[in-house]
Trainee: 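Before anything else, here's the structure in question.
In what follows, every chain begins at residue 1, and chains take the letters A, B, ... in the order their sequences are listed. Heavy atoms only: backbone and side chains are in, while hydrogens, waters and symmetry mates are out.
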Amino acid sequence: MRLSRYFLPVLKETPGDAQVISHQLMLRAGMIRQTAAGIYAWLPLGRRVLAKIEQIVREEQVRAGAIEVLMPTIQSADLWRQSGRYDAYGPEMLRITDRHDREMLFSPTAEELFTQIFQNGAKSYRDLPKNIYQIQWKFRDEVRPRFGVLRGREFLMKDAYSFDADFAGAKHSYNRMFIAYMRTFARMGLDAIPMQADTGPIGGDLSHEFIVLAPTGESDVFYHENWLKPRDTSAIDADDADALEGFITGLNADYAATDEKRDLAAESAAGDQLRQSKGIEVGQVFYFGDKYTKAMGVTVQGPDGVPITPLMGSYGIGVSRLVGAIIEACHDKDGIIWPDAVAPFKVALINLRVDDAACAAAAEKLYAELTAAGVEVLYDDRDERGGAKFATADLIGLPWQLVVGPKGVAAGIVELKRRGGERVEIALADAVGRLS
RNA sequence: CGGGGAGUGGCGCAGCCUGGUAGCGCAUCUGGUUUGGGACCAGAGGGUCGCAAGUUCGAAUCUUGUCUCCCCGACCA
């Protein structure tokens with residue numbers, strides 16, 4: 001993409017109403033614009049990051065056996081009355097009346113709808129287990145939205161819902177998602193710690209929140225220092241229920257809990273290895289059994305002819321929140337430092353002198369070759385001075401900067417810089433190979 | 001929802017106390033000089049001061065109402 005044709009409205013100064021660093025950087029880097037309290041427009045650069053995160057989430061969901069669907073954001077109040085949550089949810093739910101005075105709502109989560117859709121298509125125990133998910137916008141009318149996309153009212157969320165015939169199956173479904181979450185966050189360059197958590201309005205008795213440690217986080221969290229070491233999940237076979245259960249039990253032997261689930265005995269057992277921090281919740285998994293299936297009268301036919309009430313879990317990942325969470329974890333004084341997997345582009349190709357024929361020709365050639373090699377490159381071909389281009393590139397945080405200047409081109413050399421890391425001079429002829 | 005703060009060109013702010021018809025920096029446009037870390041000179045465009053009512057000869061400025069946004073706390077992917 002040529003920057004001269006792109007839409008990247010960067011800001012030199014920090015807008016006054018942004019407090020946390022991720023919010024400031026997202027505004028300055030031209031990723032988002034606020035349109036109302038807690039509601040944001042996603043500009044091209046932000047949209048690309050969102051898509052990268054979505055794709056990683058999607059791949060790990062598929063790997064865990066979940067099936068993608070897309071549900072409406074606007075749902076009928078009647079559906080929510082079946083579970084009793086229409087009255088239970090409170091003012092956080094955005095309620096809407098249509099032209100016929102029918103009561104509707106903007107979905108804050110979707111247990112009811114998934115349960116209904118499941119019942120609609122599943123009649124037999126042979127249809128179990130199932131795990132169905134979507135990546136869709138949600139709306140929760142937070143009393144006080146803040147911190148940009150970390151606490152918006154409208155947010156993009158992956159929500160999955162599992163249906164099983166018995167508790168062992170349901171626990172395995174829960175564990176599958178658990179390990180999928182570990183893998184998902186690790187792929188994004190995040191160390192997310194699963195913590196015992198409260199279940200809130202979703203209900204149920206088993207739940208973990210996945211927390212990214214960050215000083216700007218809203219949750220107070222407590223954990224054993226063993227969690228600071230990265231966990232390798234690559235060898236785990238998620239299809240092997242016993243092995244998976246054993247692995248997760250092993251993980252959870254190290255204490256980690258959010259404020260409302262603190263276990264003072266476990267904390268004193270951890271002794272001086274106990275750590276306290278602030279954290280950002282980026283995902284949560286719940287097991288709640290037959291709470292919805294029972295309330296909504298959902299059953300499937302069992303092998304012996306007796307109806308079975310499926311047991312459910314639900315599993316959320318805050319996709320849009322992750323954009324902010326990653327920036328909180330990955331930035332310096334000059335701007336964002338994207339982990340490779342979620343970077344909006346891989347390379348910032350910087351032409352220092354658009355009016356220098358040899359320099360421009362070299363940059364154009366690199367752009368063409370990188371593009372042909374399938375490298376995502378943002379080519380700064382604007383008629384700007386070097387300083388301005390470096391500042392923009394640092395701000396938007398692409399992992400690599402390929403700098404093409406007149407002196408270097410004359411000597412057959414370009415500069416390759418790792419954002420937040422070292423810079424090296426390489427032969428012009430080697431540049432494409434190094435980046436593809 | 002309680003407590004606090006703020007709405008003035010695209011962004012950041014001053015002016016308000018002590019009413020007299022709006023200013024600065026950045027950004028934008030034109031011309032020129034520049035060109036490896038957010039250049040310089042000259043010129044230009046852009047704001048009914050959130051909205052509404054009131055006081056006054058006159059309101060960005062005073063009064064009242066209203067909307068919006070932000071911060072602290074209580075609540076949440």
Side-chain angles (χ1 to χ4, degrees), chain A residues 9-20 23-24 27-28 30 33-39 57 89-93 107-110 135-160 181 192 197-202 207-212 217-219 258-260 279-286 314-325 334-335 350-356 359-360 380 382-395 401 403-409 413-415 417 423 425:
Chain A
V10 297
L11 268 27
K12 203 180 233 178
E13 290 171 287
T14 301
D17 51 7
Q19 304 299 315
V20 300
H23 190 195
Q24 296 173 354
L27 290 166
R28 288 193 54 214
R33 289 292 183 264
Q34 180 166 327
T35 64
I39 302 178
V57 169
Y89 219 98
E92 206 181 58
M93 179 187 285
S107 173
T109 175
I135 299 174
Q136 175 65 294
W137 292 91
K138 303 291 188 298
F139 196 94
R140 293 182 191 173
D141 198 359
E142 298 278 347
V143 200
R144 191 187 155 207
R146 60 183 127 173
F147 304 148
V149 300
L150 291 178
R151 176 81 176 276
R153 291 193 292 172
E154 189 184 50
F155 55 97
L156 189 60
M157 176 171 137
K158 185 283 300 183
D159 46 325
Y181 278 32
D198 213 18
T199 54
I202 309 284
S207 180
H208 286 85
E209 284 182 7
F210 287 76
I211 302 278
V212 173
E218 290 191 82
S219 316
T258 57
D259 200 18
E260 57 275 8
I280 302 168
E281 183 191 345
V282 291
Q284 187 162 10
V285 291
F286 301 88
S314 73
Y315 315 91
I317 290 180
V319 174
S320 50
R321 172 180 283 184
L322 272 166
V323 180
D334 296 318
I350 298 176
N351 178 5
L352 286 177
R353 289 290 297 274
V354 293
D355 59 341
D356 181 291
C359 186
D380 194 343
R382 296 172 304 163
D383 186 10
E384 291 284 343
R385 298 167 65 90
K389 296 192 176 191
F390 290 134
T392 298
D394 288 345
L395 176 61
Q401 294 175 19
V403 183
V404 184
K407 290 174 204 151
V409 167
I413 286 171
V414 289
E415 184 176 282
K417 283 197 295 185
R423 61 174 73 189
E425 293 198 326

Trainee: When rounded to the nearest Å, what value does the distance between P atoms of A39(B) and A53(B) take?
Mentor: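 Roughly 47 Å separates the two P atoms.
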Trainee: Between Asp394(A) and Ser219(A), who's closer to the 5' end of RNA chain B by nearest nucleotide?
Mentor: Asp394(A)
Trainee: Could you work out the separation of A6(B) and G50(B) based on their P atoms and round it to a whole Å?
Mentor: 13 Å
Trainee: From the set G38(B), U34(B), G12(B), return the single nucleotide nearest to any side-chain atom of Arg385(A).
Mentor: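 The nucleotide sitting nearest to the side chain is U34(B).
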Trainee: With a 3.5 angstrom cut-off on both distances, give the Watson-Crick or G-U wobble partner of C76(B), or none if there isn't one.
Mentor: none
Trainee: Could you check which of C71(B), G36(B), G38(B) has an atom nearest any side-chain atom of Pro406(A)?
Mentor: G36(B)
Trainee: Check the distance between C72(B)'s C1' and Glu142(A)'s CD and give it to me in whole angstrom.
Mentor: 17 Å
Trainee: Using atom CG of Asp141(A) as one end and atom P of C75(B) as the other, report the distance to the nearest whole Å.
Mentor: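 One finds 18 Å between P of C75(B) and CG of Asp141(A), rounded.
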Trainee: Can a donor-acceptor pair under 3.5 Å be found between the side-chain atoms of Glu415(A) and the base atoms of G36(B)?
Mentor: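 Check passes, donor-acceptor contact within cut-off.
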Trainee: Determine the interatomic distance between P on G10(B) and the same-named atom on C51(B); round to the nearest Å.
Mentor: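 Those two atoms are separated by 13 Å.
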Trainee: Rounding to the closest angstrom, what is the interatomic distance between A59(B) and U64(B) at atom C1'?
Mentor: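 Taking atom C1' in both A59(B) and U64(B), they lie 15 Å apart.
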Trainee: Please report, rounded to the nearest Å, how far the P atom of C26(B) is from the CG atom of Leu11(A).
Mentor: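 Going from CG in Leu11(A) over to P in C26(B) covers 16 Å.
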Trainee: Classify the nucleic acid contact of Gly405(A) as base, sugar-phosphate or nothing, counting any heavy atom under 4.0 Å across all strands shown.
Mentor: base
Trainee: I want to verify a distance call: between C75(B), C1(B), C11(B), whose nearest atom is closest to the Glu218(A) side chain?
Mentor: C75(B)
Trainee: Closer than 4.0 Å, any side-chain N/O of Arg144(A) to the OP1 or OP2 of C71(B)?
Mentor: yes
Trainee: Heavy atoms from C-beta onward define the side chain here; which of G38(B), C11(B), A74(B) lies closest to that of Ala391(A)?
Mentor: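 So the side chain of Ala391(A) is nearest to G38(B).
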Trainee: Tell whether Arg28(A) reaches the base of C11(B) with its side chain through a donor-acceptor pair below 3.5 angstrom.
Mentor: no
Trainee: So what's U18(B) paired with, Watson-Crick or G-U wobble, going by both distances under 3.5 Å?
Mentor: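 Base partner found: none.
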Trainee: So which nucleotide does G9(B) pair with, by the Watson-Crick or G-U wobble rule with both distances under 3.5 Å?
Mentor: none
Trainee: Please step through side chain to side chain contact (heavy atoms under 4.5 Å, CB included) for the pair Asp334(A) and Phe390(A), ending with a clear verdict.
Mentor: CA-CA 10 Å; Asp334(A) 296 318; Phe390(A) 290 134; over 6 Å; no
Trainee: Rounding to an integer number of angstrom, what distance separates A14(B) and U55(B) when you compare their P atoms?
Mentor: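 Their P atoms lie roughly 31 Å apart.
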Trainee: Of all the nucleotides listed (C69(B), C76(B), G38(B)), which has the minimum atom distance to the side chain of Arg321(A)?
Mentor: C76(B)
Trainee: Please report the interatomic distance OG1(Thr109(A)) to CZ(Arg140(A)), rounded to the nearest 0.5 Å.
Mentor: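 If we round to the nearest 0.5 Å, Thr109(A):OG1 and Arg140(A):CZ are 5.5 Å apart.
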Trainee: I need the CG-P distance between Leu352(A) and G36(B), as an integer number of Å.
Mentor: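 After rounding, the reported distance stands at 8 Å.
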Trainee: Under 4.0 Å between a side-chain nitrogen and a carboxylate oxygen: does that hold for Glu415(A) and Arg423(A)?
Mentor: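 Salt bridge: yes.
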Trainee: What does Thr392(A) touch in the nucleic acid at a heavy-atom separation under 4.0 angstrom: a base, only the sugar-phosphate, or nothing?
Mentor: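 Base, at least one base atom sits under 4.0 Å.
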Trainee: Could you state the atom-to-atom distance from CG of Asp380(A) to C1' of U35(B) in whole Å?
Mentor: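 To the nearest whole Å, that distance equals 14 Å.
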Trainee: Measure the distance from CD on Glu209(A) to P on C76(B) and round it to the nearest whole Å.
Mentor: 10 Å
Trainee: First locate atom CD1 of Ile350(A), then atom CD of Glu384(A), and finally report the distance between them rounded to the nearest 0.5 Å.
Mentor: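 Spacing of CD1 (Ile350(A)) from CD (Glu384(A)) equals 12.0 Å.
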Trainee: From the list C69(B), G73(B), G25(B), which nucleotide is the closest neighbour of the side chain of Arg146(A)?
Mentor: G73(B)
Trainee: Assuming nearest nucleotide by heavy-atom distance, tell me which of Pro145(A) and Leu150(A) is located more 5' along RNA chain B.
Mentor: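 Nearer the 5' end of the strand: Pro145(A).
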Trainee: Categorize Ala18(A) for me: base, sugar-phosphate, or nothing, with a 4.0 angstrom heavy-atom threshold over every strand shown.
Mentor: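 Nothing: the residue Ala18(A), judged by heavy atoms under 4.0 Å, touches no strand.
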Trainee: Where do Glu218(A) and Arg151(A) come nearest, in terms of heavy atoms and distance?
Mentor: OE1-NH1, 2.8 Å
Trainee: Shortest non-hydrogen contact from Ile280(A) to Gly217(A)?
Mentor: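 Of all heavy-atom pairs spanning Ile280(A) and Gly217(A), the closest is CG1-CA, 3.6 Å.
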Trainee: Output the single nucleotide from G12(B), C69(B), C76(B) whose closest atom is nearest the side chain of Gln34(A).
Mentor: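 Nearest nucleotide to the side chain: C69(B).
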Trainee: For Asp356(A), which contact category applies under a 4.0 Å heavy-atom criterion: base, sugar-phosphate, or nothing?
Mentor: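 Counting heavy atoms under 4.0 Å across all strands, no contact is made by Asp356(A).
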Trainee: By nearest atom, which of the nucleotides G12(B), C76(B), C69(B) is closest to the Ala37(A) side chain?
Mentor: C69(B)
Trainee: So what does Arg423(A) hit on the nucleic acid, given a heavy-atom distance under 4.0 Å: a base, only sugar-phosphate, or nothing?
Mentor: base
Trainee: Got a second to check how far Arg28(A)'s CZ is from Thr392(A)'s OG1, nearest 0.5 Å?
Mentor: 9.5 Å
Trainee: To the nearest Å, give me how far apart CD1 (Ile350(A)) and P (G38(B)) are.
Mentor: 13 Å
Trainee: Both distances under 3.5 Å, Watson-Crick or G-U wobble: report the partner of U55(B), or none.
Mentor: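 Result: none.
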Trainee: Side chain of Ala388(A): nearest nucleotide among G12(B), G38(B), G36(B)?
Mentor: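 Of the options given, the side chain of Ala388(A) lies nearest G38(B).
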Trainee: Got a sec, which residues hit side-chain hydrogen bond (donor to acceptor under 3.5 Å, both in side chains) with Lys158(A), two or more places apart in sequence or on another chain?
Mentor: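 Once residues adjacent in sequence are excluded, the partners of Lys158(A) under the side-chain hydrogen bond (donor to acceptor under 3.5 Å, both in side chains) criterion are Gln61(A), Tyr181(A).
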Trainee: Is Gly152(A) touching bases, backbone alone, or none of the nucleic acid, heavy atoms closer than 4.0 Å?
Mentor: base
Trainee: Under 4.0 angstrom, heavy atoms only, what part of the nucleic acid is Val403(A) near: base, sugar-phosphate, or nothing?
Mentor: base
Trainee: Across all strands, who's sitting opposite A60(B) as a Watson-Crick or G-U wobble pair, both distances under 3.5 Å?
Mentor: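 Partner of A60(B): none.
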Trainee: Partner lookup for G47(B), please. Criteria are Watson-Crick or G-U wobble with both distances under 3.5 angstrom; report none if nothing qualifies.
Mentor: none
Trainee: Between A60(B) and G54(B), how far apart are the P atoms? Round to whole Å, please.
Mentor: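 About 15 Å, rounded to a whole number of Å.
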Trainee: Rounded to whole Å, please give me the gap between NZ in Lys12(A) and P in G10(B).
Mentor: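 Between P of G10(B) and NZ of Lys12(A): 19 Å.
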Trainee: Going by purine N1 to pyrimidine N3 plus the second Watson-Crick contact, or the G-U wobble pair, all under 3.5 Å, which nucleotide sits opposite A27(B)?
Mentor: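 No nucleotide pairs with A27(B).
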Trainee: Holding to side-chain hydrogen bond (donor to acceptor under 3.5 Å, both in side chains), I want the full list of residues that pass it with Asp159(A), two or more places apart in sequence or in another chain.
Mentor: Gln134(A), Lys138(A), Tyr161(A)
Trainee: To the side chain of Arg353(A), which of G73(B), U35(B), C76(B) is closest?
Mentor: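 Output: U35(B).
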Trainee: Say you pick atom C1' in G45(B) and the same atom in C29(B); how far apart are they, in whole Å?
Mentor: 7 Å
Trainee: Taking atom P in both G12(B) and G73(B), what distance in whole Å separates the two?
Mentor: 24 Å
